[in-house]
Amino acid sequence: MNKFIALTRIQLKDFIGRYSEGLGVKNKKLASILILFLVALIIIPNINLSFLIYRALARIGQGHLLITNSYINSILLNFFFGIPFIVSVFFFSRDARFLAALPVREDSLVLAKLVAVYLYLLFLSFLLMFPGLAVYLYNTGMGVYTVIMAVLVLLLTPLLPMFIVTILILPFANIFSNSRHKRTLILIFNFLMIFAIIGIQLFTGNLVENPARMEEVLVSGSFLELIGRGFPPGIWVTRIFLGSYRDLFLFLALNILLFFILKGLAGIFFRKALLSFSEDRGNSRGEIYYKEKSLAYHLLRRNILIIIREPMFFLNTVLSMLAPLLVVIIMLFTGELSLNLLQSPRLEPYLLLIVSIIMISPAVTGNISATAITREGKAFWETRVLPIKAVDNIRYRILTTIIFCLTGSLILLLITLVVLPLTLKMIIIAATFCLTVTLFLATIDILIDIYRPILNWTNPTAAVKNNLNVTFSLLIRGVIALIIYLLYKIWPGIFANIQWLMVLGSIIFLLLYLLLRSYLYTNGVKRFNRITI
Amino acid sequence: MVKIIQIKGVTKIYDDGKKAVDNLNMEIKKGEIFGFLGPNGAGKTTTLRMITGILAPTEGEIYVNGYNISREPLEAKRSFTYVPDHPDIFSAISGIDYLNFIADIYGVPLKERKEKIEKYARDFEIYAALPKMISSYSHGMKQKLLISAALLPEPEIFILDEPLSGLDPKSSRILKEFMKEHSKKGGTVLFSSHILEVVENLCDRIGIIKDGVLIACDSLENLKKHSDSSLEDIFMELTEDE
């Protein structure tokens, strides 16, 4: 047992360390405040939403369905987040070889790793379920029984998705052991995850905005039965709060059973996942060749490959750039948006504005430059020690961002062209605006990374996701949006002529870019040369 | 003899306040093999990183081939190649991609690079692995790739941090031969090592650093002048805590 505790402790320290590392904040107090702030940022709107859902459901006497909704949302989120996390913990784990050699039982090793997965999923469940449970208890009264049940349900929620994901992943173990397949599968699972998140948000939003639709489903047949037939734990959890001991027993029995099945599967998981990691031999990528290429080619290729070959970087880049497109596609699927609405003549005066916003979205949401140096991690020493000018080193990182962003903009423009009746003039104006915005944002973002690069990361997620550089970068965008909004409020006249506005915007962003560029290639270069590895 | 590396009053204090190197003064002459010794955490890697421009000194100046590494980094860097203690390299490319990259950066002509890559890769027995992704290489293979890449441009100065760690006996021997050959041709080799026997047999001069302070810097003969002890004894005596 002591060995298991020691193993679990190490896994948890590693797990927490990875996230703290990503924040890049050395001050522990500041890091804690930041985490609490981020948690509050997610929970507060969720509490608000839960109140709205509860009110909508309570009107038809079905307030307890808030529990069902929160539970199912949590299960879905845990499921889709669990897949990449379990894959990364077992198939990308750098400690696999070290752990496999320890004189510890196989199931202890696997269970210690699953504890880290459990805590991660518990945290996610907390973000989604706590608001629902709290609002329900607030409205129905907090008895000792309901509070205990709320804690119990919250603690047990991650077990079911963890079990399902584990079972689902096992058959793919052989595929995962090949590094190329690993990347592809991680990408697919992450895309599914994003679809699930956006889907949940739209589903919940729809529920709040249109309680009548919900009422129809609820009145026509029992909604609980509907869910229960497809997913019985959903109905058990809800009925627990209505005082059903039978459902409490069923829910507990299921989770105990799942725990023992997971424990039983630990051996297979150990051999198929942890050990298969060591069997990856890498693939031959062609012939031995001798070719002369330019510095520009090498540096651009290097920076592009850093993004493409690391699934987390690639996914982060593509998803953040094309997130608006994903939202539109899902909204079209769910009927929130229709082609008729997009092609409506009422939109005609705003077409230039719409296409301009669509085209700049990769640069606005992408913030690739904000982690351009950070992404290189410990390999950054190479470009520092080689006789390469700092100016070139920076220039090709910015160019990489511009290539990615403009490719995204071009894809979005082509899709927009199919949907919206755009003129050549509109395209030229929007493209010019997009180019200047992209240049400006790519430059300001790399300055952020020059001033606070995080090179000693061990987990790529830390480099691009929970990285404060990205927060700063988004903050700058927020400030720009606020300035534009204030200008609109103070001086609405300048927004009357959109064409003129876009040209003026292009000139302003071009001037800002030139100013920043001159700062970057003087002070920025000096700072770049002082980056410590 | 021409001083190819000059370290003048160099101090390095890290952000956490730790003084890794304290007022270091050292000169390395052209054509010599210089061994840099010291216990773990003595400041060897920090010193080598400052010489190569990876780290900026807090105080003092470093000249490589007459160029100040902080003020004229490009000119200074053209004079040397470097092999770090940990082979943390960009691993999403193949070995041959990496060697072509280094050859292009240092301007090694096609014919010459083909001959050299074949020679070094075959000597270090990584030729067959060259088309494979670096991420699939073992620690030793990465080390061999880095050494091959560092030898490729035939630099004036060859700087290596713990180059023998992770190398098999055959590759270690080949590397030692390359170092000797390089020195014979007038090139300079600066390397750190824990293997005293190698340093004893290979180096013209030795520097011993402890707690960031250079406590000895001379030829082995001069260090041994006052006793018949081995380098190991001298090292132990000098680095022993009082």
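Computation of the quantities below employed the complete heavy-atom set of this structure, encompassing side-chain atoms and omitting hydrogens, waters and symmetry-equivalent molecules. Chain letters run A, B, ... following the sequence lines, proteins first and then strands; every chain starts at 1.
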Practice task
Please indicate whether B:K114 has more than 12 foreign heavy atoms, meaning atoms of other residues, nucleotides or ligands, lying under 6.0 Å from its NZ.
Solution key: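 Not more than 12 within 6.0 Å, no.
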
Return the option, out of [options], with the maximum number of heavy-atom pairs under 4.5 Å with chain B.
options	value
A:K378, A:E292, A:R384	A:E292
A:K389, A:K293, A:R530	A:K293
A:F380, A:W381, A:Y290	A:Y290

Answer with side chain, backbone, both or neither: which region of [X] has an atom nearer than 4.5 Å to a non-hydrogen atom of chain A?
X	result
B:I51	neither
B:I69	neither
B:Y127	both

Relative to chain A, which of [options] shows the most heavy atom pairs under 4.5 Å?
options	value
B:V108, B:I105, B:L130	B:I105
B:E118, B:R49, B:R113	B:R113
B:T81, B:N100, B:I96, B:I117	B:N100

Exercise for the section: Check whether any side-chain heavy atom of A:R301 lies under 4.5 Å from a side-chain heavy atom of B:D97, and answer yes or no. Expected result: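 The answer is yes, as the side chains (C-beta and beyond) meet within the 4.5 Å cut-off.
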
Handout entry: Gap between atom OG of B:S135 and atom CD of A:E310 - 0.5 Å precision
Key =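 If I round to the nearest 0.5 Å, the distance is 10.5 Å.
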
Handout entry: Spacing of CG belonging to B:D88 relative to CG belonging to A:L455, to within rounding of 0.5 Å
Key =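 Answer for the CG-CG pair, B:D88 versus A:L455, is 11.5 Å.
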
Problem - Contact summary for A:I288 and B:P131, nearest pair of heavy atoms - result: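 For A:I288 and B:P131, the tightest heavy-atom pair comes out as CG1-CG, 3.9 Å.
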
Practice task
Output yes when B:D104 and A:K291 qualify as a salt bridge under the 4.0 Å nitrogen-oxygen rule, no when they do not.
Solution key: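 Salt bridge: no.
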
Practice task
Check step by step if side-chain contact (heavy atoms from CB on, under 4.5 Å) holds for B:Y82 and A:L386.
Solution key: CA-CA 9 Å; B:Y82 169 65; A:L386 293 171; over 6 Å; no

Per-residue contact mode, [X] against chain B (heavy atom under 4.5 angstrom):
X	answer
A:I531	backbone
A:R302	both
A:L295	side chain

Practice task
Give a yes-or-no answer on whether the side chains of B:Y98 and A:E382 include a donor-acceptor pair shorter than 3.5 Å.
Solution key: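 Side chains of B:Y98 and A:E382: pair found under 3.5 Å.
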
Exercise for the section: Return the orientation label for the B:F101 and A:H298 ring planes: parallel under 30°, perpendicular over 60°, tilted otherwise. Expected result: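 The arrangement is tilted - the two ring planes meet at 30° to 60°.
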
Exercise for the section: Could you pull out all residues at least two apart from B:F90 that satisfy ring-ring contact (aromatic ring centres under 6.0 Å, His included)? Expected result: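 So B:F90 forms no ring-ring contact (aromatic ring centres under 6.0 Å, His included) with any residue.
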
